[in-house]
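Let me begin by presenting the structure, written as structure tokens, before commenting on it.
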Amino acid sequence: MSKHTVDVEIDEDGNVTSHVEGIKGRGCLDILRKLAQALGSKSSQPRETAEMRQAQKVGVKSGR
Amino acid sequence: MSAYIDTETEFQDADCLFEALEEEFGQGCVQRHSQAVHLEGYEGRKRKEVAHLVIKRQHVGGAANDVGFEIRGKRIIAHISEHDQSCNFTEARQKQVKRLYAKRVTYKHARKHGYKVTEMPSGNGKIKLRLIKY
């Protein structure tokens with residue numbers, strides 16, 4: 001897997017948000033999902049971002 | 001006598017919870033038992049509640065009862081008395097433990113998966129961690 005970063009932010013209430021940079025497509029979801037599982041948090045399930053969806057579209061195009 | 005309130009927590013990792021509690025209450029203030037022990041009330045009387053991680057009442061606060069976390073399989077149950085929830089181990093302090101726990105879990109997860117972790121400066125009270133994989 002190529003170089004990438006995961007930024008994790010923990011707020012005053014202990015809620016966690018995270019963001020991946022350097023990986024496009026669903027690969028970043030896998031990383032965030034594993035972290036959410038480790039945290040055991042029901043509220044920190046990963047959501048799709050515009051960047052991720054864009055990468056998926058590009059993937060579909062390149063596959064044609 | 002203040003009754004204990006049993007609450008199922010989101011904590012799953014007893015090691016990280018132990019470290020988070022030690023960071024909040026101070027080193028040596030949290031007991032860890034392989035077999036659950038009975039908690040004691042402020043008067044020193046044993047209560048029916050049992051726990052594997054115990055913060056003794058003298059470390060919890062004034063006229064406090066023991067605070068305990070019981071490991072039941074993959075679940076961790078908090079036993080905190082009604083009295084302590086109102087003045088010693090309040091919601092704010094519980095949130096602080098949750099924050100410290102999340103930080104510990106993130107570090108542990110990151111190292112396990114080969115990330116380098118850097119704590120970033122944050123001026124808004126948030127904990128910011130950057131995980132880098134090369």
Side-chain angles (χ1 to χ4, degrees), chain A, chain B residues 7-17 19-21 23-24 69 71-78 90-134:
Chain A
M1 197 176 276
S2 58
K3 182 194 168 183
H4 61 273
T5 62
V6 185
D7 284 324
V8 178
E9 205 170 76
I10 306 165
D11 72 13
E12 294 86 344
D13 293 338
N15 298 314
V16 179
T17 52
S18 48
H19 178 77
V20 179
E21 274 185 33
I23 295 180
K24 297 198 172 180
R26 293 211 157 260
C28 68
L29 273 186
D30 294 337
I31 291 165
L32 295 178
R33 211 168 266 138
K34 280 178 190 167
L35 179 60
Q37 278 171 4
L39 288 163
S41 173
K42 292 157 195 159
S43 59
S44 64
Q45 292 306 309
R47 288 170 296 180
E48 292 188 6
T49 62
E51 186 187 2
M52 199 202 91
R53 284 191 292 272
Q54 190 184 15
Q56 284 182 307
K57 280 179 192 169
V58 169
V60 170
K61 279 178 188 169
S62 64
R64 284 179 185 167
Chain B
T7 313
E8 181 152 2
T9 68
E10 286 187 6
F11 303 131
Q12 293 179 344
D13 188 314
D15 295 331
C16 290
L17 178 58
E19 289 170 6
L21 290 168
E23 195 172 341
E24 176 61 17
F69 291 87
I71 301 161
R72 288 188 199 160
K74 288 185 176 178
R75 298 152 59 217
I76 298 183
I77 313 296
T90 58
E91 193 182 352
R93 207 165 183 195
Q94 290 174 46
K95 281 179 180 174
Q96 176 62 6
V97 171
K98 193 178 163 190
R99 267 160 61 83
L100 296 171
Y101 172 82
K103 183 178 161 183
R104 299 278 181 176
V105 169
T106 303
Y107 265 93
K108 187 175 178 178
H109 176 79
R111 285 180 182 142
K112 184 179 168 188
H113 292 279
Y115 288 88
K116 184 186 169 202
V117 187
T118 310
E119 190 156 355
M120 310 292 285
S122 167
N124 55 6
K126 293 181 179 178
I127 297 170
K128 281 187 164 185
L129 303 172
R130 174 159 286 173
L131 285 53
I132 305 172
K133 191 175 230 178
Y134 294 96

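Quick note on labels: first sequence line is chain A, next is B, and so on, each numbered from 1.
- Interface summary for chain A: among B/R104, B/R130, B/M120, the most heavy-atom pairs under 4.5 angstrom belong to B/R130.
- For B/F11, no part sits under 4.5 Å from any heavy atom of chain A, backbone or side chain.
- Comparing B/K126, B/K112, B/K128, B/H113 by how many heavy-atom pairs each has under 4.5 Å with chain A, the most go to B/K126.
- The side chain to side chain contact (heavy atoms under 4.5 Å, CB included) with B/H109 is formed by just one residue from the set A/V8, A/V6, A/L35; it is A/L35.
- A/D11 contributes atom CG, which lies 7.5 Å from atom CZ of B/R99 (distance to the nearest 0.5 angstrom).
- Looking at B/K116, there are no atoms closer than 4.5 Å to chain A (heavy atoms on both sides), in backbone or side chain.
- Residues B/A102 and A/G14 share a closest heavy-atom pair of CB-O, 4.4 Å.
- In this structure, the separation between CD on B/Q96 and CG on A/D13 is 11.0 Å, given to the nearest 0.5 Å.
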Side chain to side chain contact (heavy atoms under 4.5 Å, CB included) evaluation trace for B/I132 with A/K3: CA-CA 7 Å; B/I132 305 172; A/K3 182 194 168 183; 4.1 Å; yes
Quick one, B/K98 with A/N15, criterion side chain to side chain contact (heavy atoms under 4.5 Å, CB included). Give me CA distance, side-chain angles, the key distance, then yes/no. CA-CA 8 Å; B/K98 193 178 163 190; A/N15 298 314; 3.6 Å; yes
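- Remark: B/E91 CD is loosely packed, at most 12 non-hydrogen atoms of other residues, nucleotides or ligands lying under 6.0 Å away.
- Rounding to the nearest 0.5 Å gives a distance of 12.0 Å between NZ of B/K108 and CG of A/L39.
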